[in-house]
Participant: 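Take a look at this one; I'll ask things after.
In what follows, chains are A, B, ... by sequence order, proteins preceding strands, each numbered from 1. For the numbers below, each heavy atom of this structure counts, side chains included, while hydrogens, waters and symmetry mates do not.
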Amino acid sequence: MSIATLPSEPNIDVTPRLDHLRALEAESIHILREVVAEFERPVMLYSIGKDSSVMLRLAQKAFYPGPIPFPLLHVDTTYKFREMIRFRDEMAEAVGARLIVHTNDEAISEGTQPFMVGTQRCCGLLKTKALLDALQAGDFDAAIGGARRDEERSRAKERVFSVRDSSGQWDPKRQRPELWNLLNARLRPGESIRVFPLSNWTEIDVWQYIHVERIPIVPLYYARERDVIVRGNSLIVQEQPFVVTMPGEKPRVVKCRMRSLGCSPCTGAIRSDADTVPKIIQELISTRHSERQLRIIDHDQDGSMELKKREGYF
Amino acid sequence: MSGLLRICTAGSVDDGKSTLIGRMLHDSQSVYEDQVHSVRTASTNRAAGPIDFSLFTDGLKAEREQGITIDVAYRYFATARRKFILADTPGHEQYTRNMATGASTADVAILLVDARQGVRVQSRRHARIARLLGISDFVLAINKMDLVNFDRDVFDGIREEFEGILGGARCHAIPLSALHGDNVIAPSDRTPWFEGPSLLEYLETVNVSRDLTSLPFRFPVQLVLRPTDQFRGYAGQVASGAIRVGDPVVTWPSGRAARVSRIVAYDGDLDMAFAPMSVTLTLDDEIDISRGDVLARGQRPGDRGQTVEYPPIVGHHFEAEVVWMDERPLDPARVYLLKHATRTVTAEVSHGLLLNQIGTSAVSTARPLVFDRYEANRTTGSFILIDPSTHFTAGAGMIVSAARQGAASGLQAPVSAAERLALAARHAPSDADAIETVRKALEEILT
C-alpha cells in the first residue's frame with residue numbers, strides 16, 4: 001500500500017500530510033530504531049497476539065532492508081491456545097527472526113494452573129517470574145512490549161521507555177518525564193527498560209493497520225463455530241484437561257471469536273459473526289464492551305493490572 | 001484540518017479537570033460499558049455523586065485513594081471528524097514537570113479554571129509552561145459555572161484577565177459545568193448568552209497551524225543501516241520539511257554535500273519523504289555520516305528558482321529556556337548529559353534552577369550540536385538534561401538562540417570553525433553573499 005496523504009481541502013491545502021495510521025507507524029518505527037541505537041541487548045516480547053503481529057511488521061519496516069536486529073522472546077505458560085503456538089513458529093520462521101521460548105518449568109512440574117493456585121499466583125509464576133527469569137538469562141537490557149495506553153487505566157500512565165529496577169519492578173511514582181520524542185535510554189547498573197512502541201495506538205488503530213497492511217493474525221480472532229463452555233458472560237474454549245464443566249454445564253457450539261488472546265483457561269471468547277478484519281472493525285465500532293473485559297486477570301481485585309505491572313508483568 | 005489532534009489539559013487541584021475529561025470520554029462514547037461499571041463500583045468508596053467521572057482517568061491506586069491525579073495519563077478518543085490524543089496532566093505544584101511533558105507534544109492546551117476562584121497562581125504557571133513549550137491555541141475552560149449561577153459577568157471577568165496572560169496566543173473561552181455536562185458536548189441552554197461552540201465541537205474544528213512540512217528539511221540520523229557491503233542507508237524520522245530523490249543535501253556538522261539517491265521503505269522506494277515519516281535515505285556519495293548527524297537541504301550555487309531553506313545552526317553554545325524537573329537542583333558546577341535529537345553529549349549550564357523553576361541559561365556542550373531555535377522547530381530546538389548519577393530526566397530545554405560570539409553569557413569557550421561558517425552564512429543578506437562569505441572564511445581557515 002502506498003503512503004496515504006490527506007488533502008483535507010484539496011483546492012486550498014496542498015501540503016502533504018500523513019494520515020493517522022501512518023503517523024503512528026512513523027512514531028513506532030522511530031521508537032524501535034532508538035532502542036537498537038541505544039541498547040546493547042534488546043529483545044522483543046512476542047506474545048503472538050494482534051499487537052505482537054503489528055510490532056513484528058513495524059520491526060521489519062524499521063530495519064529494512066536489513067533483518068530484525070533483535071531476538072523474539074515468547075514466555076510460554078504452556079496454557080496458550082494450540083493455534084497460537086503453531087502460528088508463533090510459522091511467523092518466526094517467515095520473518096527470519098531468532099525465537100526464544102521460555103517456560104517456568106519448575107512451576108509447571110509442580111502442577112501450577114489457575115484453578116489450583118488462583119489466577120494471581122498462576123500469572124505471577126508463569127508470566128511475571130518466567131519473564132523476569134528469561135530477561136535475566138538472556139542478559140537483556142531492553143524488552144520491547146506491545147502494551148497500549150488505551151488498554152487499561154494504569155497503562156495510560158506508562159512511559160514509552162519505562163525503567164524497571166533491578167528486580168524488574170515498576171514504580172509509577174518515580175517515572176521519568178518524557179518530553180517530545182526524546183527518549184532517555186540511560187540506565188544505572190541493574191536497571192532495565194521496557195519499551196512500548198504501540199503506546200499511542202488504540203485497538204481500532206491496530207485492526208485498521210492489520211487490514212491495510214494485510215498482516216497475518218492467529219485465526220482465533222476470526223469468528224467461526226467452536227465448542228465452548230458457556231459460563232456467565234464468558235465462553236471458555238476447553239483445551240486444558242483441568243478446564244472441566246460444572247454441574248449443569250455442557251459444551252455447546254457457538255459462533256464466536258477471541259477479542260484478545262491469552263491463556264485458554266482464562267481468556268473468554270465473545271459471540272460474534274465477524275469472520276473478516278473489516279467485520280471485526282465494524283464490530284468494534286459498534287461494541288460497548290472494552291477489550292480486556294474477558295481477561296479474568298484484570299479483574300481479580302481493584303487496581304490489579306497496576307499491581308501486576310509493579311511486580312514486573314508487562 | 002488534520003485528522004489527529006494532540007491536546008493537553010492543565011488546571012489547579014480541584015478545578016475538575018479529570019471530571020471534565022471523564023465526561024468527554026463518557027459522553028463521546030469512548031468509555032466502554034464495563035469500565036463504567038467498574039467505576040460505578042469504585043465510586044461507592046468515595047463521596048462524589050452517582051458516577052465519579054474522574055475515576056476514568058485517575059489510573060493509579062494511590063490516585064484513586066487520595067482523589068488526586070499524580071501522573072500524566074494519555075487518553076484516546078475519536079469522533080466522526082477527528083482522532084484525539086489527550087494528555088491529562090496533574091495540577092499539583094510538585095508535579096509541574098508533567099505539565100511540561102503533556103504540553104511538549106500538544107497542539108492545543110485546555111486550561112481549566114474554577115469560576116469561583118478565577119485565575120490563580122497555578123493557572124498562570126500552567127499557561128506560561130504551555131506557552132513556553134510552543135502552544136499557541138488555548139481553550140480557557142471556565143468550569144463550575146453552575147456554582148456561580150452561569151453568571152456572564154464572572155465569565156467575562158476571568159476571560160479578560162486570562163487573555164492578558166496569554167499575550168498573543170489564540171484563546172477560546174467556554175463557560176462549562178463538567179459535572180453536569182454544560183457546553184461539553186452540546187451547547188447548554190443555561191448559557192444563552194454564550195454563542196461559541198461547545199468544547200468538543202471546538203476541538204473537532206480548530207485549525208492548528210503547525211505545518212511541519214513547510215519548514216526547512218531536517219533529518220536527524222538515527223542509525224546507519226549496513227545489511228550488506230552494497231547497501232549503506234541512513235535511517236531516521238523526518239523532523240521537518242520534505243525531500244525528493246535527486247535533491248542535494250548537506251550533512252551537519254561536517255558540511256559535506258551529496259544527493260539523495262534513494263528513499264528506501266519496506267513497501268517499495270518512495271519519490272518523496274516528508275515529516276513525520278520514518279524512512280531510510282541513501283546518498284550518491286560515500287560520505288562519513290553517523291548517528292547524531294543531521295541532514296538538511298543543500299543549496300546549489302545559482303539555483304535561483306529554488307525555495308531558500310535556512311541551514312541549521314551548528315555550535316557548542318546557545319541560550320535556552322530550561323524547565324527543571326528534579327528534586328536535586330540544577331547546578332552550574334556539575335556536568336550533565338544532554339540529549340538533542342539523536343545525539344547525546346555532555347553539557348554545562350550558566351545558571352542554577354530549583355525543582356519546578358523555569359529560567360534562561362547559557363548552555364555549553366562538549367561536542368557541537370546541529371540545531372534550530374525552538375520557535376522555528378520543536379524537534380531540532382529541544383533537548384533534555386539527564387543527571388549523570390541518577391540518569392533521571394532532570395531538565396527540559398528549548399533553544400532560544402545561538403549564543404552570540406562575545407555575548408556576556410557567563411560561559412566562555414572558543415567558537416568552532418563550522419559554527420563561524422554557519423553563522424556567517426545565516427547573517428548574509430542574500431544567497432550569493434552567503435556563498436561568497438563562506439568561501440572567503442573557508443579560505444582563511446585552510447590557509
Side-chain angles (χ1 to χ4, degrees), chain A residues 1-3 6 8-9 15-20 22-23 25-27 29-30 33-34 36-37 60-67 149-150 152-157 172-173 175-184 186-188 191 199-200 202 204 287-291 293 299 302-303 306-307, chain B residues 1-4 32-35 42 57 59-62 64 70-76 83 85 97-98 100-101 104-105 211 213-214 222-223 225 227 231 233 235-237 242 264-267 270 272 274 276-278 280 291 325 337 339 342 378-379 382-384 386 390-393 396:
Chain A
M1 173 186 154
S2 64
I3 298 294
L6 276 186
S8 50
E9 293 163 83
T15 50
R17 283 214 182 90
L18 283 192
D19 73 21
H20 178 67
R22 294 297 161 193
E25 176 190 71
E27 178 182 271
I29 289 174
H30 172 85
R33 287 169 170 173
E34 281 298 286
V36 167
Q60 287 179 288
K61 290 192 172 202
F63 307 103
Y64 178 84
R149 288 176 179 149
D150 82 321
E152 198 271 343
R153 286 190 296 196
S154 66
R155 284 191 166 161
K157 313 227 157 174
K173 286 190 183 174
Q175 296 203 86
R176 293 170 176 176
E178 213 161 59
L179 292 98
W180 301 289
N181 60 355
L182 287 171
L183 300 167
N184 177 358
R186 299 282 157 162
L187 296 177
R188 284 186 293 179
E191 285 180 341
S199 287
N200 285 327
T202 64
I204 288 188
T287 194
R288 297 283 294 130
H289 291 279
S290 76
E291 175 183 10
Q293 186 196 18
H299 306 289
D302 182 38
E306 180 183 343
L307 295 175
Chain B
M1 189 176 84
S2 165
L4 173 65
Y32 293 110
E33 238 166 39
D34 55 310
Q35 288 171 340
T57 56
L60 301 172
K61 215 169 155 58
R64 293 195 293 281
I70 290 171
D71 204 353
V72 186
Y74 292 89
R75 298 289 152 191
Y76 305 84
K83 287 212 172 200
I85 297 180
R97 64 174 185 229
N98 293 313
T101 304
S104 73
T105 50
D211 190 357
T213 54
S214 63
Q222 272 190 290
L223 278 176
L225 297 180
F231 187 90
Q237 184 169 18
V264 181
Y266 177 86
D267 308 291
L270 305 170
M272 181 174 77
F274 54 88
M277 287 165 65
S278 283
T280 297
R291 174 171 164 87
M325 308 181 290
L337 292 167
K339 185 169 182 180
T342 55
R378 258 185 175 183
T379 305
S382 59
F383 61 88
I384 53 172
I386 300 167
T390 61
H391 292 177
F392 191 74
T393 307

Participant: Could you measure the distance from the CG atom of B:Leu4 to the CZ atom of A:Arg22? Nearest 0.5 Å is fine.
Facilitator: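 Reported value, rounded in 0.5 Å steps: 15.0 Å.
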
Participant: In sequence, state the C-alpha distance, the side-chain angles, and the governing distance for B:Thr280 and A:Arg33, and then conclude on side chain to side chain donor-acceptor pair (under 3.5 Å).
Facilitator: CA-CA 11 Å; B:Thr280 297; A:Arg33 287 169 170 173; 3.2 Å; yes

Participant: How many angstroms lie between OH in B:Tyr76 and OG1 in A:Thr202, if you round to the nearest 0.5 Å?
Facilitator: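 Nearest 0.5 Å value for the OH-OG1 distance: 9.0 Å.
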
Participant: To the nearest 0.5 Å, what is the distance between CG on B:Asn98 and CD on A:Gln175?
Facilitator: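 The CD atom of A:Gln175 is 9.0 Å from CG of B:Asn98, to the nearest 0.5 Å.
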
Participant: So, using ring pair (Phe, Tyr, Trp, His ring centres under 6.0 Å) as the criterion, who are the partners of B:Tyr266 when residues are at least two apart?
Facilitator: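 B:Tyr266 satisfies ring pair (Phe, Tyr, Trp, His ring centres under 6.0 Å) with A:Tyr64 only.
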
Participant: Within this structure, what is the CG-OG1 distance for the pair A:Leu179 and B:Thr393, rounded to the nearest 0.5 Å?
Facilitator: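 These two atoms lie 8.0 Å from each other.
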
Participant: Hey, are the side chains of B:Gln222 and A:Glu34 touching, using non-hydrogen atoms and a 4.5 Å cut-off?
Facilitator: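 A side-chain contact under 4.5 Å exists here.
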
Participant: Counting heavy-atom pairs under 4.5 Å with chain B, which one of A:Val36, A:Ile29, A:Leu182 comes out on top?
Facilitator: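 Greatest number of close heavy-atom pairs with chain B: A:Leu182.
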
Participant: Sequence neighbours left out, what passes side-chain contact (heavy atoms from CB on, under 4.5 Å) with B:Ala265? Give chain and number order.
Facilitator: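 B:Ala265 satisfies side-chain contact (heavy atoms from CB on, under 4.5 Å) with B:Leu270 once adjacent residues are dropped.
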
Participant: What's the separation between atom CE in B:Met325 and atom CZ in A:Arg176, rounded to the nearest 0.5 Å?
Facilitator: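 Between B:Met325 CE and A:Arg176 CZ, I get 11.5 Å after rounding to 0.5 Å.
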
Participant: Quick one: pull up OG1 in B:Thr105 and CG in A:Asn200 and give me the separation to the nearest 0.5 Å.
Facilitator: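 That separation rounds to 8.0 Å.
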
Participant: Are the side chains of B:Phe231 and A:Pro65 in contact, using a 4.5 Å heavy-atom criterion?
Facilitator: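 In short, these two side chains touch, coming nearer than 4.5 Å.
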
Participant: Search all heavy atoms of B:Phe383 against all heavy atoms of A:Trp180 and return the closest pair with its distance.
Facilitator: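 Nearest pair, atom of B:Phe383 first, then A:Trp180: O-CZ3, 3.5 Å.
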
Participant: Heavy-atom distance under 4.5 Å between the side chains of B:Ile384 and A:Glu178, does that happen here?
Facilitator: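 B:Ile384 vs A:Glu178: side chains apart.
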
